[in-house]
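We name chains A, B, ... by the order of the sequence lines, and we start the count at 1 in each one. Since we're looking at a predicted model, the values are computed, not measured.
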Amino acid sequence: MSAPKAISPYRLSSLLRRQKDPNLALQLFQNPNPQIQSPEPQKPFRHSLLSYDIIITKLGRAKMFDQMDQILSQLKEETRFVPREIIFCNVISFYGRARLPDRALKLFDEMPAFRCRRTVKSYNSVMDTLLKCSDFEKMREFFAGFESKVTPDACTYNILINACCKRGCLDDAWNVFDEMRRKRVRPNAVTFGTLVHGLCANSKLEEALNLKEDMLRVYEVKPDASVYASLMKELSRAGELSLTLGLKEEMEREGIKLDSGVYTTLISANFKVGRKEEAFRILEEMRVSGCKPDTVTYNAMIHGLCMEKDFEAACKMLDQIGEQGCKPDIISYNIIIGGLCKEGKWVEANDLFEDLPRRGCKRDVLSYRTIFDGLCGCKRFKEAALILDEMVFKGYAPSALSAQKLVGELCREGNMEELLWKVLTVLGNANLIDVNSWGLVISKACKKGMVSNVCELVDTLIVQ
DNA sequence: ATAGGGTTAG
């Protein structure tokens, strides 16, 4: 009988790459040869650097940070090789996406202990992480210590420009742009994509359109699909459908390939003016031209169909996403739940909401807010209170306006005192009662001779 | 997989 053959590090990395489940991938990494049970203690498996890359990325994507950190400390002890800088960049941005800036900074500080030299790429990753966490002050601080260590590149300036745009400081964005050019760093397509989007998001449509013209003429950078998608979205928002379609023609004329982002914008733009058939035609045109619709595209379709109150077609679209090899995401469901509520179909909306875990979709804060607002809108206060309790328990908060509205409605209703106290207790425990609500509640209590109830509530809350 | 766009709510 031949003993099972030990797996090679090379083969292991290929198995890891194919394993979609991060937990199973981790098991495989930690125990590559489960079938071999030798009496002597096994030597630790000599993982390849590629296997480290793959497992760290998989764990980071799955937000399994404790497990990821454990693999990182194992990597730190490896003396056979020097980890590539890009691994750290990726981990730093995983922390950024998860809003864990301190862990990102900690890893950045530890990089030398991994024998890895930090170039401008790692610095950029930290900058972008701080931006994603909206910590502009720390960003400024970090950038101040930048130039003594590394030379900022186009990516650095693009992140800075993006930060200015996100804060609505367009003048600052232009200053960074000028600074970049003074330092002889050439702006690229991302620079202009960021600026155009920033201008559009700050309602400077004219300036954005002019910049698109200047891109080629002055800066010799060809506008790409990103630039067009931002412009088309803003034009459509401004009610300029013909200018939106004009930009589509311009792309075709200039030989700029339309991508799924541009098609998605066009689908939304058409639904916005009630052109449902045209939206379907664009979806078809997209397929014919070899551009695969993605989940975002389908979500635009679902949203359009919900606006048309065609929930049957919207749900059919949900099935189609799966058939196309994509899968519906939480936004797909939130759109339908919100649409159903708006039409008073709260039972269907609630059923879909309850069904999300079974469908493999994690409910996010907007799912809760949508169903909560929807139930309140349908005057299903009891059901809304149940959702409120669950969402606060999960650490999510309703929008301040919604919470205030519910308290207001319950105060107005004649026989809802019991529910009102329940809602106030839940909101109070999470410190979500605003001044206006207090006013309403107190005046209601005075009318009803329930002052002692309110005092009791205030006492409980003050104790905390 | 160091940086930009297109889908929900407000």
Contact string for nucleotides 3-10 of chain B, one letter per nucleotide 5' to 3', B = base within protein heavy-atom range under 4.0 Å, S = sugar-phosphate only, - = neither, reads BBBBBBB-

Below 30° counts as parallel, above 60° as perpendicular, anything between as tilted: where do the rings of A:Trp174 and A:Phe177 land? perpendicular

Expressed as a whole number of Å, how far does the P atom of B:dG5 sit from that of B:dA1? 14 Å

Working for side-chain hydrogen bond (donor to acceptor under 3.5 Å, both in side chains), residues A:Ser402 and A:Asp373: CA-CA 6 Å; A:Ser402 304; A:Asp373 290 358; 2.7 Å; yes

Would you kindly give the NZ-to-C1' distance between A:Lys121 and B:dA1, to the nearest whole Å? 11 Å

Hey, mind stepping through A:Thr370 and A:Ser367 against side-chain hydrogen bond (donor to acceptor under 3.5 Å, both in side chains) and telling me if it holds? CA-CA 5 Å; A:Thr370 304; A:Ser367 314; over 6 Å; no

A:Gly60 and A:Phe65: which non-hydrogen atoms are nearest, and at how many Å? O-CE2, 4.1 Å

What is the distance from atom CD of A:Glu110 to atom OG of A:Ser73, rounded to the nearest 0.5 Å? 9.0 Å

